[in-house]
A.B. asks: 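Right, I'll just put the structure down here and ask away after.
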Amino acid sequence: MWESALPTIRTAGVQEVVIRDGDVERLLDKLDPGQRVSLLTGADTWRTRPEPDVGLREIVFSDGPAGVRGPGWDERCTSALLPSPTALGALWDEDRVRRLGELLGDEARRKGVHVVLAPALNLHRSPLAGRHFECFSEDPLLAGRTGAALIRGIQSRGVAATAKHYVANDSETERLTLDVRLDERVLRELYLAPFEAAVQAGVWLVMSAYNKVNGVTMSESSLLREPLKGEWGFDGVIVSDWGGVRSTVASAVSAQDLAMPGPRGPWGEELLEALASGRVPAEAVEDKTRRLLRLASRVGALTPGGAPSDRVPAPDLAPAPNLEPPLPPGPGPGALRQELRAAAAAGFVLLENRGLLPLERGALDRVAVIGVHAGDPRVQGGGSSEVFPQHVVSPLDGLRDALGPGIRVAYEPGPAPEGGGGQAPLGARYGRDPEGGAPGVRLRVLDAVGTVLSTTHQPSGRVLEPELPPGARTVELAAVLHPDTSGPWTLGLGGFGALSLTVDGTAVLEGVFPPETEDPAVIHVRPPQHTARIPLTAGRTVHVVARRELASGTGRATVLTAAPPVPDPAEALAAAVAAAGSADVAVVVVGTTEGGESEGFDRASLRLPAPQDELVAAVTRANPRTVVVVNSGGPVELPWREAAGAVLLTWFPGQEAGHALADVLLGSAEPGGRLPTTWPATLDDAPVRTTQPTGGRLPYEEGLHIGHRAWLRTGAAGPAPAYWFGHGLGYTTWELERLGTPEPTRGGGYEVPVTLHNTGTRRGREVVQIHLSRPDSAIERPVSWLAGWVAAEAEPGERATAYVRIPARALQHWSEGAAGWTAEPGRFTVLAGRSAGDLPLRGAIDV
Ligand code: BGC
């Protein structure tokens, strides 16, 4: 079960450092209480403290899972951008997920990072959850197996993964204080289960969440000790979510190990005093320090004899002092791009196809590509996981590239989606650095009397973590704006504290905006925008200067945006309809906007930002041969879904978005994804329709019945979902023919053979899903629950047998009375099929 009891770094093709537990003990003995305590709070936002006395170097953290940003927010440090975790959940393919984990591990090494803060293992309890896109599934087994595969991939590179956010951090409203109420069985069978899988996969860190569970904040919770460290045997580090340690004694006596970020925090001196006075036992601090040293040894940051590290910083990063000899070359950029492109396509879910896809290239003369998202897709969700991608291939560029010069492509953006599409940081497109004229903006940091302390060029006006020299008082972003359209432009300034914005020396925005939240995702990543409308003339440049006074508690982020006049919606709609009407095929790309899916808040609605539903309805009326491409991280309502020729979900597809889309639309790749979460037709139909706590509390009243389990329970008495958990079409057709006799396996599980027949005309891959049910049970249970799956491939006309493994745990439930897992004797029904709503084959297992 527990794979890596020895703190050994197992790395692919890189230097191996082996440090045994005995060595860690010896080093621990050398550290006095002051040294130990000082190691348990970060040195800064992304690093722990070094301790030369024992050969401990700093441990460098970076966010994930979209990519590895590196230690800090610097646009010049670009990252490989993966599809969103929802897209990874849709793969149902652990090999591919593991490869993506390896890619993240390689990225981490390239950037001198030891710890990647991924995966997020919380569940899709409600489609409204702001971080839905960042989690894998509504199902604990799918989330756990996907997470475990990613962890194995990352850690195979000697880089630590972090299972987060432990536990019940399934929505964002009041996330810092939210008190989730649920019983132990629900915790064990649902919300803890993916973390248990992560520990079994050997994860090196677990992050405690911001929220409370049953009245206790997670950094102080007894759940850190049991089951995590005790029963499951987790021997790694429990890191806090950023700012999640809020007490000295209560968190230190709990099993919380490391408080991030630093250098200040509630531990430090206070913890040393509490240790001296006996309020915190010495063993508690000793164990935390031991775990930190063990982590350091695992990631190559502990070399007591002075052996050099094998970690190398990215060439575009200021080298961290302790990271030196070069890494052997990983897969080249071509291979990396190919992997990301194939992974995106493999996670696309084809919801509907009325014979339209794949498109026959030979029959195409004119293709209409429609939608703001076609030209400017959303490739990642908002919040701490954001990275600066190396590049982004838009659907329009991907299709143009694939269709070639012989096929005419007409692009019409249609009406702009409301609520955020256009607020892009002022960058290369419209901005020039006033010093030298390079695309982008000029960042200057000034002191109290206006003396320039530092001046640098920035690719865009989104400056989140600038270097602030001593005496820094004001951050200034300046640019020459080159309007290409005449009309009212929207200039925006984001950040907290005293802000001002001038255009050609005239103030257009001024005020003091104190933060109304302590949420780091809002303060440091997405501060609210204040906007001003300014009439500008095409071709006539203006000088824009944004200033923000630095004050304590206002963070470091300053964001300058500029958006051109919004085209007349009626005209834009008419142009889109005309383009669709005169094309052989229309591809309309719709999606959520920056104001939608993000960390820090939950969504209020599942509707696409207006007027995209009207756009799709009008385009499908004009041309029934319309493919609707949905670019969202989580569920949205699709009221026109019956009218479209095809509906394809691409999630947040990452940097290779457009190439992957072209591959799937033109049939060189099959859309491989299956829904990791049930999609409701409307929010009103969803089992959990609100994430709003009452008096700070959020009772998980539905208990065991989340996602498809809830829909199955309501059955015919309620609305049907739009698409079931597990649903997804490929480019061939399948018949599931036979469920063979389940054979017991070692460890108390079963293997169930399922024969399926490729009845279509091309090779394909199908995901065979097994559920269990227990109609006559003496205890409350879900109607059915996912117990295993495996993918099978077959040529046209061919049969294949899928051997689906069911773990012993799938036949057990958590007994609060016995405080353990137990199997109810009797007959379980085995159901096999292609989604939770389509399980045609039946068998039985007798326990
Ligand atoms: C998020 C974490 C993230 C951390 C560091 C927090 O606000 O909840 O997921 O890893 O910030 O950026």
Side-chain angles (χ1 to χ4, degrees), residues 41-48 59-74 77 79 84-85 104 108 111 113-122 129-136 147 150-151 154 159-178 180 194-195 198 203-212 217-219 237-246 256 258-262 265 380-388 464-465 515 517-527 555-557 597-602 633:
T41 297
D44 65 17
T45 314
W46 305 111
R47 295 171 170 85
T48 59
I59 301 174
V60 181
F61 289 67
S62 166
D63 263 308
V68 181
R69 190 173 56 245
W73 290 85
D74 186 333
C77 304
S79 308
S84 57
L104 285 173
K111 289 174 171 259
V113 164
H114 302 102
V115 177
V116 178
L117 300 173
L121 297 179
N122 304 111
R131 298 182 92 166
H132 187 105
F133 72 88
E134 215 178 321
C135 303
F136 297 119
L150 198 78
I151 289 164
I154 294 172
V159 170
T162 309
K164 71 186 188 183
H165 311 80
Y166 186 87
V167 60
N169 185 181
D170 309 294
S171 50
E172 291 292 277
T173 308
E174 299 179 19
R175 69 169 177 153
L176 302 184
T177 52
L178 173 71
V180 173
F195 290 95
V203 73
W204 288 341
L205 289 98
V206 170
M207 181 190 285
S208 58
Y210 286 131
N211 53 285
K212 299 181 180 131
T217 198
M218 280 312 302
S219 57
V237 167
I238 301 181
V239 62
S240 68
D241 200 343
W242 265 225
V245 169
R246 303 175 188 105
Q256 180 70 49
L258 175 64
M260 288 296 284
Q380 58 183 326
S384 58
S385 68
E386 285 174 58
V387 300
F388 301 104
L464 299 185
E465 276 188 341
T517 170
E518 288 177 12
D519 194 320
V522 179
I523 296 185
H524 303 296
V525 183
R526 291 213 165 263
R556 281 200 274 172
E597 298 169 273
S598 173
E599 178 179 343
F601 56 88
D602 292 323

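Whatever order the structure lists them in is the order used to number ligands and atoms, beginning at 1.
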A.B. asks: Show the protein residues that qualify under the rule heavy atom under 4.0 Å from an atom of ligand 1, listing them in chain and number order.
C.D. replies: Trp46, Asp63, Leu117, Arg131, Lys164, His165, Arg175, Met207, Tyr210, Asp241, Trp242, Ser384, Pro520, Glu599
A.B. asks: Can you find a pair of side-chain heavy atoms, one from Trp46 and one from Val115, that are under 4.5 Å apart?
C.D. replies: no
A.B. asks: Report the residues that fulfil side-chain contact (heavy atoms from CB on, under 4.5 Å) with Leu464, sequence neighbours left out, ordered by chain and then residue number.
C.D. replies: Trp73, Arg462, Ala557, Val559
A.B. asks: Hey, are the side chains of Val167 and Phe195 touching, using non-hydrogen atoms and a 4.5 Å cut-off?
C.D. replies: yes
A.B. asks: Can you sort out the partners of Ser240 under side-chain contact (heavy atoms from CB on, under 4.5 Å), two or more places apart, ordered by chain and number?
C.D. replies: Ser208, Val245, Gln256, Met260
A.B. asks: Just wondering, do Thr48 and Phe61 contact through their side chains at under 4.5 Å, heavy atoms?
C.D. replies: yes
A.B. asks: Ala209: which residues meet the side-chain contact (heavy atoms from CB on, under 4.5 Å) condition with it, sequence neighbours left out?
C.D. replies: His165, Asn169, Asn211, Met218
